[in-house]
Amino acid sequence: MSCSQPLVDAFDRRISYLRLSVTDRCDLRCSYCMPERMQFLPKKEVLSLEELHRLALAFIDRGITKIRLTGGEPLVRRDVVELVQALGRRLGDGLEELTLTTNGTRLAEFAGPLLDAGVKRVNVSLDTMDATLFETLSRRDRLVQVLRGIAAASAIGLKVKINTVALKSLNEGKIPYLVEWAHAHGHDITLIEVMPLGEIDGERVDHYLPLPAIRDRLEERFTLTDLPDDTGGPARYVRVEETGGRLGFITPLTNNFCASCNRIRVTATGQLFACLGGAEQVDLRAALRSDDPAARLAEALDTAMRIKPERHHFAHARGATPAQPRHMSVTGG
Ligand code: SAM
Ligand code: SF4
């Protein structure tokens with residue numbers, strides 16, 4: 001299918017990947033992501049299922065070929081499977097891939113319906129295999145459910161990639177074990193540097209871990225072979241020769257990857273953020289609810305392409321306000 005006018009930004013980057021948040025709510029409270037008493041958006045501000053669907057179709061019409069549903073926790077939104085089913089019908093018809101990022105707590109229940117709707121792979125966030133640390137980090141006792149969710153997804157043939165935020169003095173010592181566990185179960189695993197997005201209780205800088213240092217430490221134990229960059233995403237992958245599995249590094253702070261950025265993000269209220277680390281945004285909900293949604297949406301997407309910045313600028317500093325006031329749970333990971 002040809003699209004009406006591809007999305008190309010001012011730096012000649014072709015935008016083909018949409019991360020669409022379906023809710024800012026979550027059943028966990030990961031301490032690096034949000035405060036315990038997180039203020040969630042009033043439900044009436046959140047796009048309806050029908051609006052999310054129309055929006056996604058408009059993006060597919062403009063050449064978006066990959067959609068990742070995210071949040072907050074996408075699987076806490078009651079009608080999310082209906083959206084996945086509706087979008088799944090566009091697979092092979094403009095849409096090439098439909099995926100989801102989840103914390104896994106409800107994956108055991110949803111893995112089957114997701115697979116049936118055309119989802120082939122999911123990213124599951126898992127920062128530790130230790131139940132006590134899991135509860136400390138996420139402020140909820142849910143490790144068993146998450147592991148059950150991962151196992152259920154794998155058992156029916158959903159490909160699972162593990163995402164792990166590397167956290168100094170928290171999970172840092174157990175990262176080699178997580179890598180071994182993931183690979184032994186057939187999962188790729190990607191490590192991520194914590195980003196200064198949104199206020200939390202405490203200081204992220206206390207737990208910020210630059211990934212080059214982690215890679216050096218992993219190399220004392222494993223043989224890491226660089227793999228060609230074929231994902232188009234921010235992760236740089238290596239093969240761990242001892243396990244045979246793939247390990248990715250996402251380094252928004254120590255190694256900027258913006259030159260190859262192919263993505264945009266839309267919040268559950270329809271705000272398009274042109275860059276995860278920037279404030280540049282356009283209001284797609286207003287466009288959707290206008291008298292002429294098609295024309296207003298087209299204009300809004302053209303504006304987004306004009307304002308998408310060349311790169312993000314992140315830094316951690318004690319006592320500093322975060323790079324952006326919004327949390328990852330608003331823009332989606
Ligand atoms: N709730 C789902 C989950 O946890 O997978 C989807 C949304 S969550 C915001 C997406 C990803 O962002 C997760 O892998 C999470 O660990 C990560 N994340 C959250 N806050 C972050 C931060 N400040 N810096 C880096 N990654 C963060
Ligand atoms: Fe929820 Fe995901 Fe944020 Fe954890 S990282 S609080 S699971 S949105």
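Counting starts at 1 for both ligands and their atoms, following the listed order. Just the heavy atoms: all of them, side chains too, but no hydrogens, waters or symmetry mates, feed the values below. In this text, all values refer to a predicted model and were calculated from it rather than measured experimentally.
Of the heavy atoms in T102, only backbone atoms (N, CA, C, O) come closer than 4.0 Å to ligand 1.
Protein N/O/S atoms found under 2.8 Å from atom 3 (Fe) of ligand 2, listed by chain and residue number: C33 SG.
By the 3.5 Å distance cut-off applied to N or O atoms, D127 is not counted among the residues near ligand 1. At least one N/O-N/O distance between S125 and ligand 1 falls below 3.5 Å. Checked by distance only, ligand 1 and Y32 come closer than 3.5 Å through their nitrogen or oxygen atoms.
Ligand-side atoms of ligand 1 in range of V165: 16 (O), 26 (N), range being under 4.0 angstrom from any heavy atom. Contact atoms of ligand 1 toward G72: 1 (N), 2 (C), 6 (C), 7 (C) (distance under 4.0 Å to a heavy atom of the residue). Each of the following atoms of ligand 1 lies closer than 4.0 Å to a heavy atom of T70: 6 (C), 7 (C). Close approach of ligand 1 to C33 (heavy-atom distance below 4.0 Å) involves ligand atoms 19 (C), 20 (N). The ligand atoms of ligand 1 that sit less than 4.0 angstrom from a heavy atom of M328 are 9 (C), 12 (O), 18 (N), 19 (C), 20 (N), 21 (C), 22 (C), 27 (C). Of all atoms in ligand 1, listed by their number and element, those nearer than 4.0 Å to a heavy atom of N103 are 2 (C), 3 (C), 4 (O), 5 (O). Under a 4.0 Å criterion applied to the non-hydrogen atoms of E193, ligand 1 contributes the atoms 25 (C). Near G71, the atoms of ligand 1 lying under 4.0 angstrom from a non-hydrogen atom of the residue are 7 (C), 9 (C).
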Next item on the list: Please report the C-alpha distance between S16 and K66 in whole Å, then the side-chain angles of each, then the deciding distance to 0.1 Å, and finally whether the side chain to side chain donor-acceptor pair (under 3.5 Å) criterion is met.
Entry: CA-CA 6 Å; S16 56; K66 176 170 174 179; over 6 Å; no
